[in-house]
Amino acid sequence: MDDMVPVLQVGSPAPAFSGQAVVGSEFEALSFDGGTLTIGDKKITGKYTVLFFYPLDFTFVCPTEIIAFNDKLADFEKAGANVIGVSIDSHFSHLAWKNTPRNEGGLGALDFPLLSDMSKQTSYDYGVLLEGGMAARGVFIIDEEGILQSYTVNNLGVGRNVDEVVRLIEGFKFVAKHGEVCPANWTPGADTMKPDPEGSKDYFKKQ
């Protein structure tokens with residue numbers, strides 16, 4: 001790793017990543033490259049990937065976010081997306097946190113992988129590695145071809161809105177399928193617009 005922070009651009013390929021992850025109650029090798037997610041011997045293609053970074057295990061805001069992602073997992077699955085959480089902790093620490101009850105600050109049962117980034121390479125490649133050595137709260141939405149569609153990065157003190165991540169996936173998939181674009185505050189089923197001067201007037205006439 002050099003001193004230059006990588007520059008990520010939406011519409012460009014997302015960086016590949018790999019490492020040891022906790023999947024259920026087991027340790028599995030996990031990797032992602034070009035839209036293909038590999039967990040152990042299983043290869044998953046044709047789905048979006050949501051990669052979210054959090055600062056550290058056994059902290060305070062982080063479990064609320066991780067549990068919120070887990071609670072919305074059915075919505076992510078319906079939208080055709082995998083979810084992966086990652087921090088700089090070891091996979092051993094991830095497992096210990098999962099084995100801690102929620103009423104004691106732990107995660108309890110979790111249905112998506114937690115990736116270990118002890119080398120900090122993935123945090124660095126995604127531009128979220130902070131000077132203190134932990135990752136900021138980054139969320140990266142990657143489409144089925146491995147193209148980065150969206151990313152947001154929060155500083156440490158404020159957690160994220162998981163519903164917004166689902167909404168963005170639904171929006172990007174709608175645009176890819178229908179060729180129309182989604183205006184501000186769009187939700188599935190709401191009006192969209194044609195991306196040209198004349199076609200867009202149909203949308204504005206309804207407002």
Side-chain angles (χ1 to χ4, degrees), residues 1 5-23 28-55 62 65-66 68-88 91 94 110-117 119-130 135-154 159-179 181-182 186-188:
M1 294 183 286
V5 176
V7 177
L8 299 177
Q9 290 188 330
V10 293
S12 297
F17 57 86
S18 63
Q20 287 292 310
V22 174
V23 183
E28 297 276 6
L30 183 151
S31 63
F32 177 88
D33 191 10
T36 298
L37 174 64
T38 303
I39 303 175
D41 295 328
K42 182 180 180 181
K43 291 185 180 294
I44 303 170
T45 59
K47 299 184 72 174
Y48 270 56
T49 296
V50 175
L51 181 68
F52 76 93
F53 293 82
Y54 64 92
C62 297
E65 293 187 305
I66 295 168
F69 272 101
N70 197 68
D71 289 346
K72 289 289 183 178
L73 202 57
D75 293 335
F76 284 108
E77 291 174 350
K78 183 179 178 181
N82 298 300
V83 175
I84 303 167
V86 55
S87 78
I88 62 169
H91 48 295
H94 287 343
L110 201 65
D111 298 314
F112 60 82
L114 288 183
L115 177 66
S116 169
D117 184 30
S119 72
K120 304 181 183 180
Q121 186 66 53
T122 302
S123 299
Y124 173 80
D125 289 343
Y126 277 82
V128 297
L129 187 63
L130 299 176
R137 301 185 190 280
V139 180
F140 298 81
I141 299 175
I142 306 165
D143 72 14
E144 60 272 268
E145 302 297 329
I147 303 301
L148 182 62
Q149 293 293 330
S150 172
Y151 67 92
T152 59
V153 182
N154 290 8
R160 291 158 282 195
N161 185 323
V162 177
D163 289 329
E164 173 65 0
V165 182
V166 176
R167 187 190 75 89
L168 287 171
I169 295 169
E170 292 170 330
F172 289 122
K173 295 189 80 169
F174 182 94
V175 171
K177 182 176 181 180
H178 298 282
V181 293
C182 302
W186 175 89
T187 56

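Values in this document were obtained by computation on a predicted structure and should not be read as measured data.
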Novice: Can Val86 and Tyr126 be said to form a side chain to side chain contact (heavy atoms under 4.5 Å, CB included), step by step?
Specialist: CA-CA 11 Å; Val86 55; Tyr126 277 82; over 6 Å; no
Novice: Name the atoms and distances for all side-chain donor-acceptor pairs under 3.5 Å in residues 143-153, with sequence neighbours left out.
Specialist:
residue : atom : partner : partner atom : Å
Asp143  : OD1  : Glu145  : N            : 2.9
Asp143  : OD1  : Gly146  : N            : 3.1
Asp143  : OD1  : Ile147  : N            : 2.9
Asp143  : OD2  : Gln149  : NE2          : 3.0
Tyr151  : OH   : Leu8    : O            : 3.2

Novice: Between the main-chain N or O of Ala21 and the side-chain N or O of His94, is there a donor-acceptor pair closer than 3.5 Å?
Specialist: no
Novice: Let me confirm one number: the CD-CG distance from Glu65 to Asn161, rounded to the nearest 0.5 Å.
Specialist: 10.5 Å
Novice: Does the gap between the ring centers of Phe112 and Phe52 come in under 6.0 Å?
Specialist: yes
Novice: For Val162 and Ala68, work out which heavy atoms get closest and say how close.
Specialist: CG2-CB, 3.7 Å
Novice: Output a table of donor-acceptor pairs, distance under 3.5 Å, between side-chain atoms of residues 29-44 and any protein atom two or more places apart or on a different chain; print 'none' if there are none.
Specialist:
residue : atom : partner : partner atom : Å
Thr38   : OG1  : Lys43   : NZ           : 3.4

Novice: Quick check: closest heavy atoms across Cys62 and Pro55, and the distance to 0.1 Å?
Specialist: SG-CD, 3.3 Å
Novice: Report yes or no: does Asp117 contribute a side-chain atom to a donor-acceptor pair with the main-chain N or O of Ser123 at less than 3.5 Å?
Specialist: yes
Novice: Would you say the ring centroid of Phe76 lies under 6.0 angstrom from that of Tyr48?
Specialist: no
Novice: Which value, rounded to the nearest 0.5 Å, describes the distance between Gln121 atom CD and Ser18 atom OG?
Specialist: 9.5 Å
Novice: If you round to the nearest 0.5 Å, how far is CD1 of Ile88 from CG of Leu115?
Specialist: 12.5 Å
Novice: Extract all donor-acceptor atom pairs below 3.5 Å that involve side chains of residues 164-172 and protein atoms in other chains or at least two apart in sequence.
Specialist:
residue : atom : partner : partner atom : Å
Glu164  : OE1  : Arg167  : NE           : 2.8
Glu164  : OE2  : Arg167  : NH2          : 3.0
Arg167  : NH1  : Trp186  : O            : 2.7

Novice: Of all the heavy-atom pairs spanning Ala136 and Phe53, show the shortest one and how long it is.
Specialist: O-CB, 3.5 Å
Novice: Specify the closest pair of heavy atoms between Arg137 and Gly159, including all atoms of both residues, with the distance to one decimal.
Specialist: CD-CA, 4.4 Å
Novice: So, taking the atom named CD1 in Ile84 and the one named CG in Asn82, what distance separates them when rounded to the nearest 0.5 Å?
Specialist: 6.5 Å
